[in-house]
Amino acid sequence: SIYPPQAAAARIFGTVVVEVTVDESGNVASVRALSGHPLLKDAATDAARGWTFKPTIVDGKPIKVIGTLAFTFKLPEYLLRDRNIEQLKKQIAVSPQNPNLQYRLGLAFEANEQLEDALKAYSSAVTLRPNYGDAQVALAAAYTRLNRLDEALQAYDRAVNLGLTPQNRAASYQAIAMIHLRRDKFQEAVEPFKRAIALAPEGPMFF
C-alpha cells in the first residue's frame, strides 16, 4: 500500500485492522476499517480490496467468509531521519551549549546526506568542547566527503592529539595517509600509515 501523504506529513504511523468479506470465488466483496488512525484507514482498506484468497470450501462447496487483516504502517526512513533532526533542534534550542546534542545533530544531518549542515553542527560541537575527539573525527570525515582536503587534514591533525581510542586514532592516521595518496604525495603518506599500523596492527582498515 502507498503511505498516505497526509499521514506522512503528520508523522503518523501505526496499525489498522480491517474486516474483509470474501466471496465464494475468493475475491474481496467488502471491506471496513475496525480500528486505526483515520488518516491511515483509506490506504488500508484500498490495500485489502486488492487481495485475493483461495476459496473456502465447506462440505465440498465454496462459501462466503468474514475475517480480519492487520496493516502496519511504518514511517519511511527519510521521515524518521527528518523527525530525529527536528527533535534534536528543539533540544538544542533548550540547551544550546550542549556539544553532545550538536554532535548528534551532525550525525543525523550526515545520515540524511546534508553534509554542509552536518559540518556546521560538528563545528559547533568542537567549538563548545575543543577536546571532543569523536566530533573532531566526524568533522574531518565530512570535510573529506566534500573534497575539502586541506580542512580535512587540519581537522584530522587536531583529532589525533585528542583522547581517541587507539582504533579511532589509527583510523584517523590512515585517513590522513589516504588524503596524501589522493594528492599523489606518496612520501607524506608513509609516516601516518606507519603510525596507524603501530596503533592497530590487526585493524580491519589494513590490507
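Computed over heavy atoms, backbone and side chain alike; hydrogens, waters and symmetry mates excluded.
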Name all pairs fulfilling the ring pair (Phe, Tyr, Trp, His ring centres under 6.0 Å) condition that reach into residues 127-151, sequence neighbours left out, sorted by first residue then second.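 Pairs touching residues 127-151 that pass the test: Tyr103-Tyr132.
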
Pairs flagged by side chain to side chain donor-acceptor pair (under 3.5 Å) wherever residues 85-96 is involved - sequence neighbours left out: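 As it turns out, the side chain to side chain donor-acceptor pair (under 3.5 Å) pairs with a partner in residues 85-96, which skip direct neighbours, are Arg11-Glu86.
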
Once you round to the nearest 0.5 Å, how far does [atom1] of [X] lie from [atom2] of [Y]?
| X | Y | atom1 | atom2 | answer |
| --- | --- | --- | --- | --- |
| Glu151 | Ser123 | CD | OG | 9.0 Å |
| Asn168 | Tyr173 | CG | OH | 13.0 Å |
| Thr21 | Arg32 | OG1 | CZ | 8.5 Å |
| Ile85 | Asn112 | CD1 | CG | 4.5 Å |

Note: [X]-[Y] ion pair, threshold 4.0 Å (strictly below):
| X | Y | answer |
| --- | --- | --- |
| Glu188 | Lys194 | no |
| Glu116 | Lys120 | no |
| Glu24 | Lys64 | no |
| Arg145 | Glu110 | yes |
| Asp46 | Lys41 | no |

For Ala159 and Val137, work out which heavy atoms get closest and say how close. CB-CG2, 3.8 Å

Write down the atom of Ala33, the atom of Val16, and the distance for their closest heavy-atom approach.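 Minimum heavy-atom contact is CB-CG1, 4.4 Å.
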
Using atom types as modelled and distance alone, determine if a side-chain donor or acceptor of [X] lies under 3.5 Å from a backbone N or O of [Y].
| X | Y | value |
| --- | --- | --- |
| Asn98 | Asn100 | yes |
| Arg49 | Ala44 | no |
| Asp23 | Ser25 | yes |

Listed by chain and number, what are the side-chain hydrogen bond (donor to acceptor under 3.5 Å, both in side chains) partners of Thr127, not counting sequence neighbours?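 Residues passing side-chain hydrogen bond (donor to acceptor under 3.5 Å, both in side chains) with Thr127: none at all.
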
Test log, rule side chain to side chain contact (heavy atoms under 4.5 Å, CB included), inputs Leu115 and Phe109: CA-CA 7 Å; Leu115 293 182; Phe109 276 134; over 6 Å; no

With sequence neighbours excluded, what pairs up with [X] under the side chain to side chain contact (heavy atoms under 4.5 Å, CB included) test?
| X | answer |
| --- | --- |
| Ser35 | Val17 |
| Ala141 | Tyr156 |
| Asn147 | Leu149, Arg182 |

Are Trp51 and Phe73 in one and the same hydrophobic cluster, where Ile, Leu, Val, Met, Phe, Trp and Tyr link if side-chain heavy atoms are under 4.5 Å apart?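 Looking at the clustering, Phe73 is in the same group as Trp51.
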
Could you tell me if the side chain of Leu105 sits less than 4.5 Å from the side chain of Ile92, heavy atoms only?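 Sidechains of Leu105 and Ile92: in contact.
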
